[in-house]
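One structure is given here, and the rest of the page talks about it.
Position 1 is the first residue of the sequence; numbering continues from there.
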Amino acid sequence: MKQRIIITLLALMAMLSTHAQSATLQVTRIFDGKVVPTSRMVLTRVRGKALSKYQLSFYRSARFQATEAEAREVNALVMLDKRLSDKARLSSKTVRKTHEQSIVFGLPAENQLNRYICLHTKTEGRATIVTVIYMEGTVKDVLELNKLINK
């Protein structure tokens, strides 16, 4: 009986420590539905072997259509987390009436895992589609991550 309790407690502690890795970030508010209700988001969470090809161990994304105010708040939260980063990669393009902007940056490593945040916004007319991604793993930097994804 004691052994079951100990195993249960260890499993619970492992789950809490994994969640804590991203819990201190501002983007966690987005994933928790505090900026946009989760009913309006497509949420994705992946961990394990499916990500090993990309040298990642955890992937989390939220995609939604945002109002102007929501898009501004999401951008502000991502920029607050960007302050922790020393390097960021920004890209922007406009094709016809569609404007796309992306920013990807690494955060300080935690528990020997490198962490990355990506914000992608696509605006067409008054509609803005926002995608926020949080990733962690052993991939060394943003450039290497980009190469692995685009293989």
Side-chain angles (χ1 to χ4, degrees), residues 12-151:
L12 181 62
M13 289 172 50
M15 287 177 13
L16 290 174
S17 69
T18 301
H19 174 71
Q21 291 173 1
S22 62
T24 58
L25 299 173
Q26 298 299 316
V27 294
T28 303
R29 296 190 55 206
I30 299 164
F31 295 116
D32 291 344
K34 294 184 175 148
V35 178
V36 175
T38 55
S39 60
R40 289 184 29 219
M41 289 193 264
V42 176
L43 294 167
T44 305
R45 243 182 126 118
V46 182
R47 80 170 54 248
K49 288 189 178 188
L51 298 168
S52 62
K53 169 179 165 181
Y54 306 107
Q55 298 177 20
L56 295 172
S57 57
F58 183 64
Y59 172 95
R60 188 177 189 187
S61 71
R63 186 173 192 265
F64 51 90
Q65 185 166 343
T67 63
E68 286 182 37
E70 290 167 342
R72 277 194 306 271
E73 186 173 356
V74 166
N75 193 51
L77 291 172
V78 170
M79 290 304 128
L80 284 172
D81 285 337
K82 184 183 167 295
R83 288 189 201 170
L84 302 172
S85 175
D86 55 351
K87 296 178 184 174
R89 187 166 180 207
L90 178 65
S91 65
S92 183
K93 69 178 179 180
T94 302
V95 178
R96 297 187 188 147
K97 294 182 180 180
T98 303
H99 178 73
E100 292 187 52
Q101 186 171 358
S102 296
I103 184 168
V104 181
F105 56 91
L107 298 164
E110 196 170 279
N111 296 330
Q112 298 179 337
L113 293 173
N114 296 315
R115 304 177 304 154
Y116 303 94
I117 292 177
C118 173
L119 171 65
H120 179 84
T121 57
K122 181 178 181 179
T123 306
E124 188 169 358
R126 296 185 65 96
T128 301
I129 303 296
V130 176
T131 305
V132 179
I133 301 170
Y134 171 81
M135 300 167 278
E136 57 187 42
T138 57
V139 65
K140 299 288 183 241
D141 57 33
V142 173
L143 292 175
E144 185 179 339
L145 179 62
N146 194 35
K147 285 178 192 173
L148 290 169
I149 290 172
N150 292 323
K151 268 188 180 178

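In this view, R63 satisfies the salt bridge (Lys or Arg N to Asp or Glu O under 4.0 Å) rule with no residue, not counting sequence neighbours. Residues passing the side-chain contact (heavy atoms from CB on, under 4.5 Å) test with E68, sequence neighbours excluded: R72, R126. Under the side-chain hydrogen bond (donor to acceptor under 3.5 Å, both in side chains) criterion, T67 pairs with E70, sequence neighbours left out. Residues forming a side-chain contact (heavy atoms from CB on, under 4.5 Å) with Y116 (at least two apart in sequence, or on another chain): N114, M135, V139, V142, L145. In this view, N75 and M79, L119 satisfy the side-chain contact (heavy atoms from CB on, under 4.5 Å) rule, not counting sequence neighbours. Residues forming a side-chain contact (heavy atoms from CB on, under 4.5 Å) with T38 (at least two apart in sequence, or on another chain): M41, L43.
Taking CG of L80 as the start and CZ of R29 as the end, the distance is 10.0 Å to the nearest 0.5 Å. Atom CZ of F105 is separated from atom SG of C118 by 9.0 Å, given to the nearest 0.5 angstrom. The CD atom of E136 sits 7.5 Å away from atom CZ of R115, with the distance rounded to the nearest 0.5 Å. Rounding to the nearest 0.5 Å gives a distance of 6.0 Å between OG1 of T44 and OH of Y59. Atoms CZ and CG, on R47 and L56 in that order, are 12.0 Å from each other to the nearest 0.5 Å. The distance from the OH atom of Y134 to the CD1 atom of I30 is 13.5 Å, given to the nearest 0.5 Å.
In this structure the side chain of F64 reaches within 4.5 angstrom of the side chain of V74, judged on heavy atoms. You'll find the side chain of P108 reaches within 4.5 Å of the side chain of L84, heavy atoms only. For the pair Q65/R40, no side-chain contact is recorded, criterion being any heavy-atom separation below 4.5 Å from C-beta on.
Contact between A71 and A66 at its shortest, heavy atoms only, is N-CB, 3.9 Å.
Listed for the D81 side chain is a donor-acceptor partner under 3.5 Å among the backbone atoms of V27.
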